[in-house]
Undergrad: 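Here you go, one structure.
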Amino acid sequence: MSFRFNAEAFKDNSFNDKIREKLTKALNSSSGNGSSGPSPTIVESQGCEGVAAATASGTSSSLSKSSAKIDPMMKSKRSDILKSGITVSKVNFPTMPKVEILDLDISAQPRSLVKGICKISCMNAMLQVQTEIEGNLLLVYSDYSPQFTTPTLNCKDSFTIPITMVFSEVHLEAITNIFVKNSGIGISFNDVNLDFKFDCSIKILQSTIEKRLKKSMQSLFKDVLPRVIFNMSQSLFTAETATKTSEAPSTEDNEDTSSSTMKVMLEESDLQELSAANMLRLSTLISSRQTLSLQDTVLNVPSTIPGCLERQNLHRFNSRIPSLSNFYASYKEPEGRATLMKRNTSTFMVNSHPSSRDQNVLPQRVLEEDAYDLKEITTIQSRIFERSTDENVRPRRRKISIKRKPKKTVEAPPPVETHSDSETAVASPKPIKATHNALPIEEHQPSAFVPMKLSVNITPRYFTQPERTLLPLENRHEETKPTTLEEINYFNYRPEVHRLRSSLYSPLAKGGSILMPGRDLAEPRPLLENKGLSFLGLNHRMRKWGNHDDPPPYQV
Amino acid sequence: MMLDYMDYISRAFEQSTNWNRDNSYANITATTSALIDFSVPSAFEFQVSNASTPFTFNTMRVSTRNVFNGSLTYLYTDADNLEKIVSDSGSIDLQNVTETYRYFQPFYNNHKLAAPTDGKTVGKSLYYGRMFYPNSNLEAMLIKTLDPHKQLKIKWLSTFDDFNILTCYWQRDTGRDSQEVIFSTNDLLCGYRFLHNFIGKPSKMKNSLYNNSSLSLGAELWLGLITLSPGCSTTLRYCTHAPNTGRPLTLTLKWNPIFGNLSSSYSAKTSSNTTVCAKYDFNLYSIDSNLSFGVELWRRGNSAKAMSQYQDVSQTFGKDENLMYHHLVPDLSQEQASPQTRKDLVEKQQLLNDLTTAFSSSLRKIDREKTMIEEFQNNLHHANFTSVWKLSTSLRDANLKVLWEGKFKGFLISAGAEVSKASPLLQSSSSEKLPSYLSKFGVQLQYST
């Protein structure tokens, strides 16, 4: 992960003015609505300056510290006794606040994406805050009490007192732990060393205010600041999501310009709530799209993000789409497989072999070598059927009970689903009639992937090769035993795809991922026209499951 | 805003139990606040009230601003004569249901009136309950007269989120002095206030011999025990009549020693249809000042009934009460005494007669003033007003409040608007001129049977 720290903003002393403006704005806005703390606005605007998220929270914490410093005293009565807005008249940070990264642990664990330890220090800062407060507390009392039970007071004269508070020689040193988690940015302050001189224009109040300030510092760094930053990061992420989703329909219009966008696959759970980590991944995706960097060695490129499917890994996805050609991929032409297995080659290679995933046909060699397995074929076909149709529609199947050896014709699921999407190539499995010689089919098979008792011609490759390519899938299947047709019916298409996804990216499957706004391609890809996959688009909020809109396409 | 029906009933209760609400420090500046600090309705509100029996009253109120809400009020009282005092919205006197110029009767007049009804007002009580919806707040009030000069008032507010406030008032009013002890559980507020009426004595300074003026001095002390917020103020009020026109005027001077606020006000009924009030606030510590004006314009309806009533009353007044100083002269005809004393008496009589002739012009002047004042007063009391315009403005706040209240087809309508600049919170942060805008607007309809 890379981040940018805009140190230029702190080089000259102009950032003092910026801080002053922002503090003033934040303090006044909070005194306006009174409910939310002032810090989020500051931190947010600071984050917008191009400081990467991890460091932004670090540097801005020094800002929000100073702003929240004013908080505790005002908090209880802020909306009440303040007669005017809060003006931050002077801010002076003679030296730029230092953020020292002591440790940065970047791991792609789903729990926390980035873990870091920072040392924040800021020296000799000065802050002057001016406001006006209402001196007559009884006026405040009678204004904010129910009229019925409040006696009429004659001494309700307003008496405003201007008050100036100067915080000088602010020294702050803090060791912070920063976690960028799925849900937001978590910060804990471990070793806070804060010292300042406080000077109030009303000398009577000075000691009281100072006492209260010092007392509230503890809770500020323990509770308030981490919570505020966490909420800010959450709101930042959700705000981003909101704009993203609102953008999504508009971007559909300009299809031709967006044809270069990447297709990202995500899990179903991601669509239910978009997490911050996903937004992080999403931003990585965008940046990688802009920088055209696709190397695996750099962390957090799309290929390492769980659930994200890059163009160059498309074949991996395609090879797991249930279809006969995929299952019997080992029987294909060796040179074709070679290109498929080659990762990191250019997209040209994959493009050169587009038919490999499009056709739901048995390779010729399978028939020639008599290496097929009827159970497998029916499984595949019924899975294709389930993916392509509504889960409520049960396939019409004819079962043929086999008595004894004579030649039998086994009919795969009839093309009931062709009415829904006949234009897709995958979705309509043709009835495959295979003649089977002298092969007794056992009605009750004990377990899923026990090699069937096939007759003569089975090469060892038959069991090993698909096992190798489809290993995660097979593991899952062993748990759920979806062998017979009846059992397969149990699964609707969603768990099916989910299984597929999680088998593709099983180690990272829990973290979740997100999809970029889908953009439509002029030329529809048959695979994705399949209904069972259309939910993978981010814009599922706008669409219902399984409608006939074009799903976000792969880019070819 | 127009007086709530239940406030009207509780005032009727006070009237029936001879409780003088003006003789309290809480209402010492009631005239000023009625003319300048009146509240403007801020929503559309509709009230239907009903005096189901002479002792029970209920009100249903609905109002809509952003949300629809309302309240249901029940009131029970065992006071006498309420059916004579309370009238429905069609026949009610407008000046009884609007907060307007408080016509303060001097102490001795009041005292004389209060005396004969002693004993009958003891133990009367008023129970009041109000239920709000949809937020289910409850208000309750209990007023109990302990003896002719003492009264206990308990107000209670309860909300569902464990917010209960109990406020107790213990009030004592002897006519000349009025004391009040208040305790509220909200912030544990304790308060004490008193009011003292000085009995006016003619002096060199006063060229008016008929003394219908009153001077009152009051003070209040407050302390919120939880926030330790203190408060106190003292006020001087002088009510008198213009000597040549007989129109009442009130002057108040309020002084808040803690915060240095000095507030003086002058309110006068310049004619029977208009009232003018000016208030000047000045803070000695911060040199803040504020000047406020308020005007009331009453419009009369033509009602022959009211006029005839008024004439009857004025005649009785004229016969009865012209005796302010004349009663000092003893009546000789009823004296049965010795010639010696009789001779003295004759001399006395002679002396008095001489004095009477000597001061006849003054006595006549007194009579004239008295009748003029009382005429004006009665004219006011029995006038059939149909509507009133209220305007008030304040220089520092730069606002303008307009309120119209009137009777229309048996309804009491009060409609008002307030134009002001942006709220003071936002105002001071940015120094540029803020445009004025309509900050409040509302209509209130009341109907009662």
Side-chain angles (χ1 to χ4, degrees), chain A residues 20-21 23-34 74 76-89 129-163 201-202 204-205 208 212, chain B residues 24-30 33 130 137 139 141 155-157 159 163-167 169 180 182-187 189 191 193 218-224 227-235 254 256-263 281 283 285-286 288 290 424-430:
Chain A
R20 187 170 58 81
E21 274 168 34
L23 265 183
T24 309
K25 199 175 138 200
L27 288 172
N28 285 321
S29 70
S30 64
S31 70
N33 54 36
M74 304 294 183
S76 54
K77 294 259 175 182
R78 186 198 288 130
S79 52
D80 307 347
I81 76 166
L82 282 191
K83 292 293 282 185
S84 69
I86 306 166
T87 319
V88 181
S89 51
V129 179
Q130 284 178 329
T131 186
E132 282 175 356
I133 57 169
E134 173 59 60
N136 193 350
L137 287 176
L138 277 183
L139 171 68
V140 178
Y141 168 83
S142 62
D143 281 354
Y144 289 88
S145 304
Q147 199 194 347
F148 181 71
T149 49
T150 308
T152 46
L153 306 172
N154 275 324
C155 52
K156 285 200 298 185
D157 318 292
S158 165
F159 183 61
T160 53
I161 309 167
I163 182 168
S201 62
I202 302 172
I204 308 168
L205 296 176
T208 338
R212 282 198 188 189
Chain B
S24 155
Y25 186 75
N27 297 317
I28 196 167
T29 54
S33 52
R130 185 175 191 182
N137 292 348
E139 277 181 2
M141 181 169 73
K155 286 179 169 184
W156 178 58
L157 175 80
T159 63
F163 186 66
N164 294 298
I165 301 176
L166 183 77
T167 308
Y169 300 77
E180 215 171 329
I182 300 117
F183 174 74
S184 174
T185 56
N186 188 15
D187 193 25
L189 185 80
R193 51 192 178 198
E220 63 179 353
L221 291 163
W222 295 99
L223 183 66
T227 55
L228 283 180
S229 44
C232 77
S233 73
T234 175
T235 306
K254 192 168 79 181
N256 187 339
I258 293 181
F259 298 108
N261 215 304
L262 203 62
S263 164
D281 295 295
N283 195 303
Y285 302 157
S286 66
D288 262 352
N290 187 17
L425 258 181
L426 304 167
Q427 200 176 5
S428 56
S429 59
S430 55

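By convention in this document, chain letters (A, B, ...) are assigned in the order of the sequence lines, proteins followed by strands, and residues within each chain are numbered from 1. These values consider heavy atoms only, across backbone and side chains, with no hydrogens, waters or symmetry-generated copies.
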Undergrad: For the candidates A:L153, A:D157, A:T160, A:I161, which exhibits the highest count of non-hydrogen atom pairs separated by less than 4.5 Å from chain B?
TA: A:D157
Undergrad: Indicate whether the side chain of A:N154 and that of B:S233 have a donor and an acceptor atom separated by less than 3.5 Å.
TA: no
Undergrad: Can you find a heavy atom in the side chain of A:E134 that is under 4.5 Å from one in the side chain of A:S158?
TA: yes
Undergrad: Identify which part of A:L139 has an atom lying under 4.5 Å from any heavy atom of chain B, answering side chain, backbone, both or neither.
TA: neither
Undergrad: Heavy-atom pairs under 4.5 Å with chain A are the metric here; pick the option from B:N137, B:D281, B:L228, B:L189 that has the most.
TA: B:L189
Undergrad: Quick one: what part of B:R130 sits under 4.5 Å from any heavy atom of chain A, side chain, backbone, both or neither?
TA: neither
Undergrad: What option among B:N290, B:D187, B:T159, B:I182 has the most heavy-atom pairs under 4.5 Å with chain A?
TA: B:D187
Undergrad: Could you look at B:N186 and say if it's the side chain, the backbone, both or neither that has a heavy atom under 4.5 Å from chain A?
TA: both
Undergrad: Could you tell me which portion of B:S286 (side chain, backbone, both or neither) has an atom closer than 4.5 angstrom to a non-hydrogen atom of chain A?
TA: both
Undergrad: Quick one: what part of B:I258 sits under 4.5 Å from any heavy atom of chain A, side chain, backbone, both or neither?
TA: neither
Undergrad: Applying side chain to side chain contact (heavy atoms under 4.5 Å, CB included) to B:E180 and B:Y25, what does each step give before you reach the verdict?
TA: CA-CA 8 Å; B:E180 215 171 329; B:Y25 186 75; 5.6 Å; no
Undergrad: Kindly give the heavy-atom pair with the smallest separation between A:S89 and A:R20, and that separation in Å.
TA: O-CD, 3.4 Å
Undergrad: Taking all non-hydrogen atoms of both residues into account, name the closest pair between B:E220 and A:C155 and its distance.
TA: OE2-N, 2.8 Å
Undergrad: Considering only heavy atoms, which portion of B:L157 lies under 4.5 Å from any heavy atom of chain A: side chain, backbone, both, or neither?
TA: both
Undergrad: Sort out for me which of B:T167, B:L166, B:N27, B:T185 touches chain A most, counting heavy-atom pairs under 4.5 Å.
TA: B:T167
Undergrad: How about A:T150 and A:Y141: does a side-chain donor come under 3.5 Å of a side-chain acceptor?
TA: no
Undergrad: For the residue pair A:F159 and B:Y285, does the interplanar ring angle fall in the parallel (under 30°), tilted (30 to 60°) or perpendicular (over 60°) class?
TA: perpendicular
Undergrad: If I measure from the heavy atoms of chain A, does B:F163 come under 4.5 Å with its side chain, its backbone, both, or neither?
TA: side chain
Undergrad: Looking at B:D288, B:N256, B:T29, which makes the most heavy-atom pairs under 4.5 Å with chain A?
TA: B:N256
Undergrad: For a 4.5 angstrom cut-off between non-hydrogen side-chain atoms, does A:V129 reach A:I86?
TA: yes
